[in-house]
Amino acid sequence: MQIRIKCSCGADSCPEWAILELQGIVEAQPSFQDRLQNLEIGQLCRPSSQENYTFTIGYHELTGSKVPLKKPFLVLKKVKLMDVDQRNEDNSAGTELEVVGIIRHRILFKTRPKALISKPQPVVKERASSTGSSVLTK
């Protein structure tokens with residue numbers, strides 16, 4: 001069976017994608033199990049023009065770096081052709097793969113996450129004057 005690959009974006013203008021490689025498992029809470037599509041799991045940032053990235057998931061922050069892949073990957077979308085002229089010998093509809101993007105890099109997070117939870121600052125009470133009123137300061 002022949003499957004055609006179609007790229008309508010041009011060789012140099014394909015959207016760039018990246019792979020996020022994490023050590024461990026990212027699990028969704030049971031309340032989100034049925035709604036995983038388009039679920040935002042964190043925030044990916046690259047400070048200024050550095051090659052280091054930070055990925056914040058809840059109260060955890062991961063630090064990673066951009067690593068080039070040895071061979072690039074294509075991101076493909078399967079399209080079924082229903083045209084009568086495109087039918088194969090076995091009378092099934094033809095299939096075409098459309099290029100959605102290209103992956104040339106991966107962002108590797110190989111260290112353990114850093115916890116972002118901090119202690120609340122204690123409230124200190126001071127006497128302001130002899131009238132008995134108190135002032136709260138931090």
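Values below: all heavy atoms of this structure, side chains included; hydrogens, waters and symmetry mates excluded.
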**Asked** What residues, two or more places apart in sequence or in another chain, satisfy side chain to side chain contact (heavy atoms under 4.5 Å, CB included) together with Lys110?
**Response** Leu108
**Asked** Which residues satisfy the side chain to side chain contact (heavy atoms under 4.5 Å, CB included) test with Glu16, sequence neighbours excluded?
**Response** Ile102, Arg104
**Complete:** In this structure, CG of Leu69 is separated from NE2 of His105 (nearest 0.5 Å) by 7.5 Å
**Prompt:** Measuring from Ile41:CD1 to Leu22:CG, what's the distance to the nearest 0.5 Å?
**Reply:** 7.0 Å
**Message:** Tell me every residue that passes side-chain hydrogen bond (donor to acceptor under 3.5 Å, both in side chains) with Lys114, counting only those two or more places apart in sequence or in another chain.
**Reply:** Glu61
**Item:** Partners passing ring-ring contact (aromatic ring centres under 6.0 Å, His included) against Phe55 (at least two apart in sequence or in another chain)
**Value:** Phe109
**Message:** Just to verify, what does Gln23 make a side-chain hydrogen bond (donor to acceptor under 3.5 Å, both in side chains) with, not counting sequence neighbours?
**Reply:** none
**Sole candidate of Leu44, Ile19, Val67 that passes side-chain contact (heavy atoms from CB on, under 4.5 Å) when paired with Ile107** = Leu44
**Fill in**
Here the salt bridge (charged side-chain N to carboxylate O under 4.0 Å, His left out) pairs for residues 66-77, sequence neighbours left out, are none
**Asked** So do Leu62 and Thr54 actually touch side chain to side chain, heavy atoms under 4.5 Å?
**Response** no
**Request:** Please list, chain by chain and in numerical order, all residues satisfying side chain to side chain contact (heavy atoms under 4.5 Å, CB included) with His60, sequence neighbours excluded.
**Result:** Pro113
**Request:** Taking side chain to side chain contact (heavy atoms under 4.5 Å, CB included) as the test, write out the residues that go with Lys78, two or more places apart.
**Result:** Thr95, Leu97
**Message:** Ignoring hydrogens, what is the shortest heavy-atom contact between Leu76 and Val100? Give both atom names and the distance.
**Reply:** C-CG2, 4.2 Å
